[in-house]
Amino acid sequence: MPWIDEHVAPVSSDVCDLIKHRVKQLSPRRPDQQQSSRLVNDLRDSLLDFLKKNKKQPFFRSVTVLNSGSYYETVKINYPNEFDMMLLLPTPRLTWIELEEYHGLHYSVSLVRPTRSEVQAFLLDDGLIISASRILCGMRCLVKNFISTYKVPEGVGRWVLNRKLPSSPAVTLSLMCSAQDADQESELMSVDIVPALEVPESQGWPLAAQHGLQVDNWLGKKARRDLTKQCFYFVPKKPKGRNLSNTAKESWRISFSHIEKQIIKNHGHARTCCEAPATKCCRKRCLMLLKCLIEGLKVRFPDELERLCSYHGKTVFLHTLSKRGNDSQWAPSDLPSSFMALLSALEDHVSNSELPHFFIPAYNLFAAPAFPRKALSCLQRALDEQRKLGLPLLKLPSPAHPLTINPSPPDPPLCTERDNSQTKNMTT
DNA sequence: AGAAACTAAGAGCAT
DNA sequence: ATGCTCTTAGTTTC
């Protein structure tokens, strides 16, 4: 049957050129990647070695690693300076209770029966509920001990433990280096380390997740069946907000990072998408452009858009791919209009104040208080402005990086006239 | 557990 | 500019 595309407004040739120009400079450069991967791989290998031998927390001896996040999805933009790793913790059989008002995103997680397994060091007084805060603190303590003994290869700087953030599931390490000629140290890269409870596939996904992942018209029904019969994870994240109930303080958030990674790697209607030059598509590059725009917006409105993050972009992307499932709609030559379609989708989600979590459709990522109304209205105005002015944020140069092996001169600007007035005077 | 095979994508070069 | 090949990092498989 013929595929009816949505109405795509023609993209002005200026904006077309801008998009095509920007997308060429988005992915990390090879020397940077080489340096970053060496540093982070050495850190990971050594940390794993440390955990497997550690005496203090036997529970962490059995971790395995899941590399996740945009670097490993090959959609990281600009510099390979942010890495995510999940430390997967096998547990005895679990059960979970949805926390009211979080619509299936947050849970209280318990053992089904008392245990002699090593998790017992992390249980609440009832001997069954798993304490998110104690797992996170326990891991933080191990990581802290680890970096105090760890030597960075070739002495390129030192890893420091970042301050604990109230609702973050991660222990974050930053690699601090002294730049040439400077007294001060600056951050070369950071690694988020997130502990995760693995719930085996045999237990099935929570009810709230059973109606998400609407990919039948894109990846297909069989692919959906295969994806939904995998395991899932819980990560120790409490909801934002004051006056949390006692159960909410020990809350776990469901995580499908492994599924997201698989989808982004295998993202076509046809299984063969992007396998050969003839079957290339522009989906990932569209996501990278959207991430670029989101980062730019956050730099311009750091306070108002504090809660906006790349996960919002990724979620809009996944919904858009679901609706616009045919590979012919993402031909490389159509990158500008495809990106504009993605941008329109973001604008629609913003103006409807509705962005369902891709796996937990009842959870609205654009609902207050997690995403405040003033952030949403700021985002709406900012996107209107970007569209009206021809996406000036895509003209901004990539942020400077403190330490590259071969610092290269910045590329010549696309537009000859120095025109900052467009981008500077955006009122809120 | 470790090596080999496979995949994605940057980079250089020829056309 | 476009496409071809080589190289490298990451993942999977046996």
Side-chain angles (χ1 to χ4, degrees), chain A residues 13 16-49 51-53 61-88 153-154 175 188-189 191-193 198 201 219 223 226-227 230-231 233 256-289 291-292 317 321 327 330-336 398 401 404-409 411-412 414:
Chain A
S13 70
C16 250
D17 290 347
L18 176 58
I19 291 170
K20 285 192 263 188
H21 184 259
R22 190 70 187 88
V23 79
K24 280 185 214 157
Q25 306 185 351
L26 275 180
S27 38
R29 295 291 170 245
R30 187 80 84 133
D32 296 328
Q33 193 204 352
Q34 203 164 8
Q35 171 172 256
S36 296
S37 64
R38 200 165 37 81
L39 292 166
V40 83
N41 290 345
D42 191 82
L43 178 80
R44 181 196 302 114
D45 295 348
S46 308
L47 172 62
L48 231 56
D49 199 54
L51 291 174
K52 289 189 184 300
K53 293 173 178 154
R61 283 184 212 149
S62 43
V63 295
T64 55
V65 175
L66 172 64
N67 293 326
S68 63
S70 59
Y71 176 83
Y72 296 102
E73 291 166 352
T74 68
V75 291
K76 181 70 183 78
I77 57 169
N78 298 329
Y79 294 98
N81 56 353
E82 292 171 343
F83 292 80
D84 299 273
M85 63 179 84
M86 288 165 69
L87 299 186
L88 310 183
E154 295 152 51
L175 181 62
L188 182 65
M189 57 196 289
V191 180
D192 277 1
I193 304 168
E198 181 171 321
E201 56 281 12
L219 302 173
D226 290 347
L227 291 168
Q230 298 189 43
C231 69
Y233 301 101
F256 297 99
S257 295
H258 57 319
I259 310 286
E260 294 163 9
K261 183 176 170 183
Q262 288 167 36
I263 292 178
I264 290 180
K265 279 203 177 208
N266 213 332
H267 54 251
H269 177 68
R271 200 92 289 215
T272 54
C273 186
C274 289
E275 277 181 7
T279 58
K280 281 266 173 252
C281 81
C282 66
R283 288 176 176 93
K284 284 207 225 181
R285 281 173 297 153
C286 287
L287 174 56
M288 292 163 91
L289 284 162
K291 289 161 70 80
C292 175
F317 178 69
L321 263 48
D327 296 341
W330 299 90
S333 57
D334 293 339
L335 182 137
S398 305
H401 196 45
T404 52
I405 289 172
N406 293 316
S408 49
D411 292 278
L414 185 74

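Predicted, not measured: the structure shown is a model, and the values here were computed from it. Below, chains carry the letters A, B, ... as their sequence lines are ordered, and counting in each starts from 1.
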**Student:** Are the side chains of A/Ile193 and A/Met86 in touch, meaning some heavy atoms are under 4.5 Å apart?
**Tutor:** no
**Student:** Of the non-hydrogen atoms in A/Leu219 and A/Gly268, which two are nearest, and what is the gap between them?
**Tutor:** CD2-O, 3.5 Å
**Student:** Where the side chain of A/Tyr72 is defined as all heavy atoms beyond and including C-beta, which of C/dG10, C/dT8, C/dA9 is the nearest nucleotide?
**Tutor:** C/dG10
**Student:** Picking from C/dT11, B/dA11, B/dA9, which would you name as closest to the side chain of A/Thr74?
**Tutor:** B/dA9
**Student:** If only side-chain N and O atoms of A/Asn67 are considered, is one of them under 4.0 Å from the OP1 or OP2 phosphate oxygen of C/dT11?
**Tutor:** yes
**Student:** Whole Å only: how far is the CD1 atom of A/Ile77 from the C1' atom of B/dA9?
**Tutor:**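 It works out to 17 Å between those atoms.
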**Student:** Check every atom of C/dA9, C/dG10, B/dA8 against the side chain of A/Lys284 and return the nucleotide holding the closest atom.
**Tutor:**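 Looking only at heavy atoms from C-beta outward on A/Lys284, the closest nucleotide is B/dA8.
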**Student:** Expressed as a whole number of angstroms, how long is the span from A/His258:NE2 to C/dT12:C1'?
**Tutor:** 17 Å
**Student:** For C/dG10, does either OP1 or OP2 sit under 4.0 Å from a side-chain N or O belonging to A/Lys261?
**Tutor:** no
**Student:** May I ask you to say whether A/Arg38 pairs ionically with A/Asp42, meaning some side-chain N is under 4.0 Å from a carboxylate O?
**Tutor:** no
**Student:** Please report, rounded to the nearest Å, how far the C1' atom of B/dA9 is from the CE atom of A/Met288.
**Tutor:**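 Answer to the nearest Å: 10 Å.
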**Student:** I want to verify a distance call: between B/dA11, C/dT11, B/dA8, whose nearest atom is closest to the A/Arg30 side chain?
**Tutor:**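 The answer is B/dA11.
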**Student:** Give the rounded distance in Å between these two atoms: OH of A/Tyr71 and P of B/dG10.
**Tutor:**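 So the two atoms are 11 Å apart, to the nearest Å.
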**Student:** Taking atom CZ of A/Arg271 as the centre, does the number of heavy atoms from other residues, nucleotides or ligands within less than 6.0 Å exceed 12?
**Tutor:** no
**Student:** Figure out the NZ/P separation between A/Lys280 and B/dT7, and round it to whole Å.
**Tutor:** 12 Å
**Student:** Which of these nucleotides, B/dG10, B/dA9, C/dA9, is closest to any side-chain atom of A/Ser27?
**Tutor:**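 So the nucleotide nearest the side chain must be B/dG10.
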**Student:** Can you tell me how far the CD1 atom of A/Ile77 sits from the CG atom of A/Leu289, to the nearest 0.5 Å?
**Tutor:**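 Between atom CD1 of A/Ile77 and atom CG of A/Leu289 there are 8.5 Å.
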**Student:** Ignoring backbone atoms, establish whether A/Asn41 has a side-chain N or O less than 4.0 Å from OP1 or OP2 of C/dG10.
**Tutor:**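 Answer is yes, contact under 4.0 Å.
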**Student:** Could you tell me how far apart A/Asn266 (CG) and C/dT11 (C1') are, to the nearest whole angstrom?
**Tutor:** 13 Å
**Student:** Roughly how many Å is it from NE2 in A/His267 to C1' in B/dT7, rounded to a whole number?
**Tutor:** 13 Å
**Student:** Would you indicate what A/Pro277 reaches in the nucleic acid, counting non-hydrogen atoms under 4.0 angstrom: base, sugar-phosphate, or nothing?
**Tutor:**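 No contact.
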**Student:** Within this structure, what is the CG-to-C1' distance between A/Leu39 and C/dA9, rounded to whole angstrom?
**Tutor:**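 Rounding to the nearest Å, CG of A/Leu39 and C1' of C/dA9 are 14 Å apart.
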